[in-house]
Participant: 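Supplied in structure tokens, the structure appears directly below.
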Protein chains: 2
Amino acid sequence: MRRDIFQAIADPTRRAIIVLIATQAMTPNALAENFHTTRQAVSKHLRILTECEIVKQEQQGREIYYSLELKKMKEIDKWLEQFRKMWESRFDNLDQYLAKIQKEKKHGKSK
Amino acid sequence: MRRDIFQAIADPTRRAIIVLIATQAMTPNALAENFHTTRQAVSKHLRILTECEIVKQEQQGREIYYSLELKKMKEIDKWLEQFRKMWESRFDNLDQYLAKIQKEKKHGKSK
DNA sequence: TATTTATGAAACTAATCGGTTGCAAATATA
DNA sequence: TATATTTGCAACCGATTAGTTTCATAAATA
């Protein structure tokens, strides 16, 4: 299946699952209790998240604990990087500009 | 239409559009030249991006220039925040630990 | 061993998605 | 004014999506 992490986090239920397992590993049954869907639906979401390597499994007897693969979240962050530079540079430049003209006002024009 | 920013960025063409207009405003026609789809398909993507307020329009005669609404990108960043805290505390600590033991290997145990 | 529990997978369905073609409206140009 | 250009919108279509129900398997428990 041709799924990437951006499609994976497009679904609100999957985002909620991601948030839930971020702090502690959970079983499909425990996860399903948090949603108004069947356990099987949650299982399908977990399948997709597993395919994208966003979650990892750890079997314990007949239970399977799912937990978050944090480094995959970093991939989204990496894509955002290019825009972060922009919004940071815009405001930073404004700050610098304001600081500059304020300095010039005080001390007279000096490079 | 029940669309949010996460669904908006799920489509690769829309992500490419976002990147293209991030640096300079562009018309639908100019944008369409960058993809193997019709202008109308690009127009539909722009409609979705507009509904999500990810892009803003500026009419100039019969042309419409689309540009990025940077602050919407920040919303994704905001969601990522909760995970960033985690990976920074985990991986940065790991990096520091690795750097530390490497240093100790070279120079002998020194703080 | 028989039963219950936890899980994934298959088959099906209604809704949505991304694309197309065709058209209408508005603006620029001949 | 007649024509060309730029654009958005509607209607349609095949593929995908998220959900359901049903079933099979494996592990725990009675």
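Hydrogens, waters and symmetry mates play no part in the numbers below; they use all other heavy atoms, side chains included. So you know, we letter chains A, B, ... as the sequences are listed, proteins then strands, and number each from 1. Please read these numbers as outputs of a predicted model, since none were measured by experiment.
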Participant: Taking OP1 and OP2 of dG8(C), is either one under 4.0 Å from a side-chain nitrogen or oxygen of Ser43(A)?
Facilitator: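 It does, given that an N or O in the side chain of Ser43(A) lies less than 4.0 Å from OP1 or OP2 of dG8(C).
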Participant: When the distance from OH of Tyr65(A) to P of dG8(C) is rounded to whole Å, what number comes out?
Facilitator: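 Rounded to the whole Å, the gap is 13 Å.
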Participant: Under 3.5 Å, is there a donor-acceptor pair between the side chain of Arg39(A) and the main chain of Ala32(A)?
Facilitator: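 Answer holds: no.
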Participant: Between Thr38(B) and dG19(C), does any side-chain N or O lie under 4.0 Å from OP1 or OP2?
Facilitator: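 No, Thr38(B) has no side-chain N/O under 4.0 Å of OP1/OP2 on dG19(C).
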Participant: Does OP1 or OP2 of dT7(D) have a side-chain N or O of Thr27(B) closer than 4.0 Å?
Facilitator: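 Thr27(B) to dT7(D) OP1/OP2: side-chain N or O found under 4.0 Å.
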Participant: Do the side chains of Lys85(B) and Glu81(B) get close enough for a salt bridge, i.e. N-O under 4.0 angstrom?
Facilitator: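 No, this pair does not count.
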Participant: So does Arg3(A) get a side-chain nitrogen or oxygen closer than 4.0 Å to the phosphate oxygens (OP1/OP2) of dT16(D)?
Facilitator: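 No, outside the criterion.
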Participant: Let me see the working for Lys44(A) and Asp11(A) under salt bridge (charged side-chain N to carboxylate O under 4.0 Å, His left out), right down to the final yes or no.
Facilitator: CA-CA 12 Å; Lys44(A) 267 179 92 171; Asp11(A) 183 84; over 6 Å; no
Participant: Which comes earlier along DNA chain D counting from the 5' end, the contact point of Ala41(A) or that of Asn29(B), where each point is its nearest nucleotide?
Facilitator: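 Counting from the 5' end, the first nearest nucleotide belongs to Asn29(B).
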Participant: Would you find a donor on one side and an acceptor on the other, under 3.5 Å apart, between the side chain of Glu75(B) and the backbone of Lys72(B)?
Facilitator: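 No; zero donor-acceptor contacts below 3.5 Å.
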Participant: Is Arg47(A) close enough to dA9(C) that one of its side-chain N or O atoms is under 4.0 Å from OP1 or OP2 there?
Facilitator: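 The answer is yes; a side-chain N or O of Arg47(A) sits under 4.0 Å from OP1 or OP2.
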Participant: At less than 4.0 Å, is any side-chain N or O atom of His45(A) found next to OP1 or OP2 of dG19(D)? Yes or no.
Facilitator: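 For dG19(D), OP1/OP2 do have a side-chain N/O of His45(A) under 4.0 Å.
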Participant: Ignoring hydrogens and angles, does a donor from either the side chain of Gln40(B) or the base of dG22(C) sit under 3.5 Å from an acceptor on the other?
Facilitator: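 For Gln40(B), whose side chain was compared with the base of dG22(C), there is a donor-acceptor pair (under 3.5 Å).
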Participant: For the pair made of CZ in Phe6(B) and C1' in dT16(C), what is the distance, rounded to whole Å?
Facilitator: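 In whole Å, dT16(C) C1' and Phe6(B) CZ are 20 Å from each other.
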Participant: Report yes if a donor N or O on one partner sits less than 3.5 Å from an acceptor N or O on the other, where the partners are the side chain of Arg39(B) and the base of dG8(D); otherwise report no.
Facilitator: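 A donor-acceptor contact between them is present.
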Participant: Given atom CZ of Arg15(A) and atom P of dA18(D), what is their separation to the nearest angstrom?
Facilitator: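 To the nearest whole Å, that distance equals 11 Å.
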Participant: Do other residues, nucleotides or ligands put more than 12 heavy atoms under 6.0 Å from the CD atom of Glu53(A)?
Facilitator: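 Atom CD in Glu53(A) is not crowded, with 12 or fewer foreign heavy atoms closer than 6.0 Å.
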Participant: On a plain distance test, is the side chain of Lys44(A) in donor-acceptor contact with the base of dG19(D) below 3.5 Å?
Facilitator: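 Donor-acceptor pair under 3.5 Å: yes.
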Participant: Checking contacts here: which listed nucleotide (dG19(C), dT20(D), dG8(D)) is nearest the side-chain heavy atoms of Thr37(B)?
Facilitator: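 The nucleotide sitting nearest to the side chain is dG19(C).
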Participant: Check whether any side-chain nitrogen or oxygen of Arg62(B) sits under 4.0 Å from OP1 or OP2 of dA4(D), and answer yes or no.
Facilitator: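 No.
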